[in-house]
Amino acid sequence: MKKIFNIILIILIGAALIIIGLNYNKSLKKEANNSSIIINTPLNEEEVISPVIISGEAKGSWFFEGTFPIKIYDENNNLLGQGIAEAKDDWMTENFIPFEAQIDFNNSGIGNGWIVLEKDNPSGIIENTEEARINVRFKNEPQREISLYYYNPSKDNQMCSKEGLVQVKREIPTTMTPIQDTIKLLLKGELTHEEV
């Protein structure tokens, strides 16, 4: 009888420790979203277009080498873009540090999604993982068609002739800097298998 009582007591103590541990973990995550990062822009449920500027303040523990990652997802959990937030002051502190990021993303122009700010965690330890999310709506941007020209040596019968140039069409947002936007897209060199 005493043996059964001891086994039941050990099971109850183990269950109590598990429940306390889970509640402590939840309180840490709640604290991470409420008291270790403040997001100024964009606001929750705000319309965003690419590139989006994300700014706010985070405690120094969020940074590693002065940065932490940010990812943008659509409502189907597809990754649309990613980048890094950079500290605007000395990050080697437990105080709040201003940060800013400008992130380009593939904007379908429809639907909702979210921006995920992740505490940099080079150790990979799950207990050090924290994140904050901003729900956003993607704004439909006016688009313009452009032509890009790439060199394809397999189509060039003579060295560096015009036959080696391949034209591809792309859609880019209508902005005040179309030449700069076109050059950035050209330098990315993103060709489909059919275009190569």
* Atom pair CD1/OG1 of Ile39 and Thr41 - distance to nearest 0.5 Å -> 9.5 Å
* Is Asn44 reaching over with its side chain to a backbone N or O of Asn135, donor-acceptor style, under 3.5 angstrom? -> yes
* **Minimum side-chain heavy-atom gap Asn106-Ser50 below 4.5 Å** => no
* Of the non-hydrogen atoms in Ala85 and Ala101, which two are nearest, and what is the gap between them? -> CA-CB, 3.7 Å
* Asked: For Ser147 and Gln167, does a side-chain donor sit closer than 3.5 Å to a side-chain acceptor?
  -> yes
* Rounded to the nearest 0.5 Å, what's the gap from CD1 on Ile38 to CZ on Phe96? Could you check? => 4.5 Å
* To do: Answer yes when Lys88 and Glu86 have at least one side-chain N-carboxylate O distance shorter than 4.0 Å, and no when they do not.
  => no
* Structure fact -> Minimal heavy-atom distance between Glu130 and Trp62, with the atoms involved, is OE1-NE1, 3.5 Å
* When rounded to the nearest 0.5 angstrom, what distance separates CD1 in Ile72 from CG in Leu117? -> 9.5 Å
* Structure fact -> All heavy atoms of Ala87 vs all of Trp91, minimum pair found to be CB-CB, 4.1 Å
* Note, Phe63 side chain near Ile97 side chain (heavy atom, < 4.5 Å) -> yes
* Are side-chain heavy atoms of Lys139 and Arg137 found at a separation under 4.5 Å? -> no
* Nearest-0.5 Å distance, CD of residue Gln82 to CG of residue Asp104 -> 12.0 Å
* **Backbone of Asn76 reached by a side-chain donor or acceptor of Asp74 within 3.5 Å** => yes
* **Minimum heavy-atom distance Glu75-Gly111, with the two atoms named** => OE2-CA, 4.1 Å
* Asked: Step by step, would you call Asp120 with Thr67 a side-chain contact (heavy atoms from CB on, under 4.5 Å)?
  -> CA-CA 7 Å; Asp120 204 330; Thr67 65; 4.1 Å; yes
* Asked: So how far is it from Arg133 CZ to Ile115 CD1, rounded to the nearest 0.5 Å?
  -> 11.5 Å
* **Passing option when Ile103 is tested against Val48, Ile53, Ile84, Ile54 for side-chain contact (heavy atoms from CB on, under 4.5 Å)** => Ile54
* Structure fact -> Between Trp114 and Asn77, the two heavy atoms sitting closest are CZ2-OD1, 3.5 Å
* Structure fact -> What one should report as the nearest heavy-atom pair of Glu46 and Leu43 is OE1-N, 2.7 Å
* Structure fact -> Value for CG (Leu79) from OH (Tyr73), rounded to nearest 0.5 Å, stands at 5.0 Å
* Asked: Do the non-hydrogen side-chain atoms of Lys119 and Asn121 ever get within less than 4.5 Å of each other?
  -> no
* Is it the case that Lys59 and Ser36 place a side-chain donor and acceptor less than 3.5 Å from each other? -> no
* For the pair Phe99 and Phe68, name the ring-plane relationship: parallel under 30°, tilted 30 to 60°, perpendicular over 60°. => perpendicular
